[in-house]
Amino acid sequence: MNVAELAVGLLAVAGGGLVALAGLGLLRLPDALTRASAVAKAAALGVVVLLVAVVIRDPSPTVILVVIVIAIAHVVTVPLSGLAIGRAAYRSGTTATEVTGVDEPAELGLVDFGTPTATLQHHPDQPDDDAADDDTQRDHQGGVA
Amino acid sequence: MILVDLALVLVAIGLLAAIYRGLRGPTAADRVVAAELGFIATVCALLLLSIRLEFDAVLDIALVAVLIGFLGTLGLVRLVGPSSAHTGESEAGRAETDGEDSG
């Protein structure tokens with residue numbers, strides 16, 4: 001009994017520490033893409049560790065069932081939301097590619113979802129759509145300021 | 001139980017970092033990342049409270065919070081930056097966001 005309680009406490013501290021680590025990454029990392037990566041990985045593992053602690057504390061069938069449902073829902077949805085955030089951040093053109101280092105979609109010419117802003121590679125053969133250009137310039141100014 | 005209290009303090013530290021980044025974050029994507037960490041810290045706090053208070057019904061709230069957090073993140077992501085301006089597949093979505101911006 002005492003061993004189980006100690007295991008619950010240590011797993012709880014590990015899960016809370018992973019959330020605090022995600023917060024540290026959110027404060028210290030330089031870019032929206034790297035911040036999204038840190039939050040997705042650390043926080044997903046933290047919630048799963050806390051779910052294991054909940055099961056050890058009370059291993060009854062209803063608790064195990066609810067915990068399994070929470071674990072599946074969380075593990076499936078967190079990478080999807082991280083992917084959506086990274087995609088939106090790249091598409092908004094405010095990710096600093098000189099910090100991130102690699103801009104593979106622009107190098108391979110795969111930028112088909114529109115990133116004609118100043119921080120990314122601007123294709124010279126791409127015609128400037130006036131309405132879209134107004135949109136991106138306004139949003140880019142708002143993003144930098 | 002003191003370890004569970006320590007874990008709650010750690011989750012509060014992560015939540016404070018998310019609040020700082022949400023208020024200060026230079027781009028809209030940073031604010032969405034901060035909101036996602038806020039959702040996840042809320043779920044962790046609910047799980048720790050179910051351990052601390054020995055009250056299993058909080059797990060149902062945690063399940064609902066996980067699902068609503070995912071949907072809320074997807075909803076916030078739609079507000080980030082210029083939506084797909086050069087693809088033909090989501091012209092309706094682009095017109096919708098432009099209307100929201102002008103209104």
Side-chain angles (χ1 to χ4, degrees), chain A residues 6 8-10 12-17 19-24 26-27 32 35-36 39-40 43-44 46-47 50-51 53-54 57-58 60 62-63 66-67 69-70 73-74 77-78 80-82 84-85 87-89 91-95 112-114 116 126 129 132 135-136 139 142-144, chain B residues 1-4 6-18 20-21 25-30 32-34 36-37 39-41 43-45 47-48 50-52 54 56 59-60 62-63 66-67 69-74 76-87 94 98 101:
Chain A
L6 182 64
V8 168
L10 290 179
V13 170
V19 174
L21 201 63
L24 181 67
L26 199 59
L27 288 183
R35 284 170 190 155
V39 168
V47 169
L50 285 179
L51 287 172
V54 168
R57 208 259 316 161
D58 184 11
S60 68
T62 54
V63 170
V66 175
V67 161
V69 173
I70 294 174
H74 191 260
T77 56
V78 162
L80 287 179
S81 59
I85 290 172
R87 202 174 125 90
R91 190 194 293 171
S92 71
T94 54
T95 59
D112 57 350
F113 44 83
Q126 201 167 19
D129 189 4
D135 274 354
T136 53
D139 283 333
V144 167
Chain B
M1 277 308 172
I2 190 73
L3 290 175
V4 180
L6 178 61
L8 276 169
V9 171
L10 289 171
V11 169
I13 289 172
L15 193 55
L16 282 177
Y20 174 80
R21 184 55 69 195
T27 67
D30 291 322
V32 178
V33 175
E36 193 196 6
L37 184 59
F39 284 131
I40 291 172
V43 172
C44 288
L47 294 176
L48 285 170
S50 84
I51 296 173
R52 182 77 170 80
E54 298 181 354
D56 290 336
L59 291 176
D60 297 334
L63 174 60
V66 165
L67 298 174
F70 175 59
L71 292 179
T73 304
L74 287 190
L76 288 175
V77 156
R78 283 184 60 83
L79 302 176
V80 173
S83 62
S84 55
H86 292 290
T87 61
R94 185 185 164 212
D98 282 345
D101 283 340

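The analysis underlying the following values was restricted to heavy atoms, covering all of them including side chains, and did not include hydrogens, waters or symmetry mates. Note that the structure is a prediction, hence the values are computed from the model and not measured. Numbered from 1 within each chain, the chains take letters A, B, ... in sequence-line order.
- No side-chain heavy atom of A/Leu21 sits less than 4.5 Å from a side-chain heavy atom of B/Leu10.
- A/Ala44 meets the side-chain contact (heavy atoms from CB on, under 4.5 Å) test with A/His74, A/Val78; sequence neighbours excluded.
- Rounding to the nearest 0.5 Å gives a distance of 7.0 Å between OH of B/Tyr20 and CG of A/Leu27.
- Between A/Ser81 and B/Glu36, the shortest heavy-atom distance links the atoms OG-OE2, 2.8 Å.
- Per-residue heavy-atom pair counts under 4.5 Å with chain A were compared for B/Val32, B/Val43, B/Asp56, B/Val4, and the maximum is reached by B/Asp56.
- Options A/Gly46, A/Ala14, A/Ala84 differ in how many heavy-atom pairs under 4.5 Å they form with chain B, and the most are formed by A/Ala84.
- If you measure heavy-atom distances from B/Leu37 to chain A, the contacts under 4.5 Å come from both the backbone and the side chain.
- Heavy atoms closer than 4.5 Å to chain A are found in both the backbone and the side chain of B/Leu63.
- Both the backbone and the side chain of B/Ile51 come within contact range of chain A, judged by heavy atoms closer than 4.5 Å.
- Under the 4.5 Å side-chain criterion, counting only non-hydrogen atoms from C-beta, A/Val54 is in contact with B/Leu59.
- When all heavy atoms of B/Ala34 and A/Leu26 are compared, the closest pair comes out as CA-CD2, 4.0 Å.
- Ranked by non-hydrogen atom pairs under 4.5 Å with chain A, the options B/Ile13, B/Asp30, B/Val11, B/Leu71 are led by B/Asp30.
- Interface residue B/Thr73: only side-chain heavy atoms are found under 4.5 Å from chain A.
- If you measure heavy-atom distances from A/Arg35 to chain B, the contacts under 4.5 Å come from both the backbone and the side chain.
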